[in-house]
Amino acid sequence: MLTNAAESTPSEHEHEHIVIKPSVLYVGTPVALITSLNADGTTNISPMSSAWALFDRMVLGLTATSKGRENAMRERQLVLNFPSPDLWPKIEALAPTTGCNPVPAHKEKIGYRFEADKFDVSGFTPQASELVRPLRIAECPIQLEAEVVASHAPGGERPAERQEGFWIIETKAIRVHAHRDIVIPGTNHIDTSRWSPLLYVFRHYFGTGQDLGRTFKAEA
Ligand SMILES: Cc1cc2nc3c(=O)[nH]c(=O)nc-3n(C[C@H](O)[C@H](O)[C@H](O)COP(=O)(O)O)c2cc1C
């Protein structure tokens with residue numbers, strides 16, 4: 001008999017899980033700082049963590065009312081800057097800000113404020129990009145210059161308490177920059193003993209722990 005058959009026999013695990021209703025489902029994803037071009041040619045920074053990669057694509061979830069989403073969908077380009085764990089205080093300095101003026105009502109209610117210059121607020125250093133117009137963030141060890149190739153509206157009904165909605169933005173990486181200290185010399189591989197992402201786990205910041213092992217497809 002298959003071990004995953006519907007009528008599985010009661011096991012010692014039966015009472016280990018309880019049903020909960022968490023306010024978010026952020027089990028743990030890397031923080032990315034999206035830099036996008038404002039209409040006046042300056043660069044906005046949007047902290048985010050709803051991103052995943054497959055092949056040369058990074059797919060992003062951005063709330064409908066964020067400046068980063070508006071800029072990315074208008075300009076069709078952005079940079080994904082990946083910070084290391086030590087940079088979390090700078091990200092938290094950006095957290096209660098938006099490049100939207102006026103501040104959307106639901107954000108104003110919980111203490112967000114408008115900031116025109118997110119580099120100034122965070123203390124991050126702007127760095128010119130090579131293929132896109134938004135600036136990179138010099139302190140971030142991995143930076144992906146990317147083009148927006150598609151945007152999708154989410155399916156299903158929105159929960160009543162989250163009426164602002166979001167967009168699924170599909171981007172294609174067109175240039176990858178990695179700090180020389182995290183690249184294995186002479187290769188295109190990231191040295192995973194020298195790079196670790198900043199993770200966003202149920203609205204807390206974490207670094208990663210020790211290397212537990214590699215998958216069979218790992219190249220380095
Ligand atoms: C660590 C962190 C992760 C976040 N993840 C996301 C996300 O995945 N998608 C999103 O739309 N907003 C996310 N936010 C909220 C945005 O940063 C927030 O909406 C901000 O105002 C966006 O700035 P902007 O309006 O200037 O683009 C996150 C915030 C923080 C601090």
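Note that the numbering runs from 1 along the sequence shown for the chain. Read the numbers this way: they start at 1 and go in the same order the structure lists the ligands and their atoms.
- Ligand 1 is surrounded by Asn44, Ser46, Pro47, Met48, Ser49, Ser50, Gly61, Leu62, Thr63, Ser66, Lys67, Gly68, Ala95, Thr97, Thr98, Gly99, Lys107, Tyr112, Lys118, Tyr200, Tyr205, each with at least one heavy atom closer than 4.0 Å.
- In the model, Ser46 has a side-chain atom that pairs as donor or acceptor with a side-chain atom of Asn44 under 3.5 Å.
- Counting only residues at least two apart or on different chains, the salt bridge (charged side-chain N to carboxylate O under 4.0 Å, His left out) pairs with a member in residues 53-70 are Arg57-Glu170, Lys67-Glu70, Glu70-Arg74.
- In terms of modelled atom types and a separation under 3.5 Å, the side chain of Asp117 and the main chain of Asp120 share a donor-acceptor contact.
- Remark: of the listed residues Pro83, Ser84, Pro89, Ser84 is the sole one forming a side-chain contact (heavy atoms from CB on, under 4.5 Å) with Asp86.
- Without hydrogens or angle criteria, Ser36 side chain to Ala72 main chain gives no donor-acceptor distance under 3.5 Å.
- Using modelled atom types, one side-chain atom of Ser122 and one backbone atom of Lys118 make a donor-acceptor pair closer than 3.5 Å.
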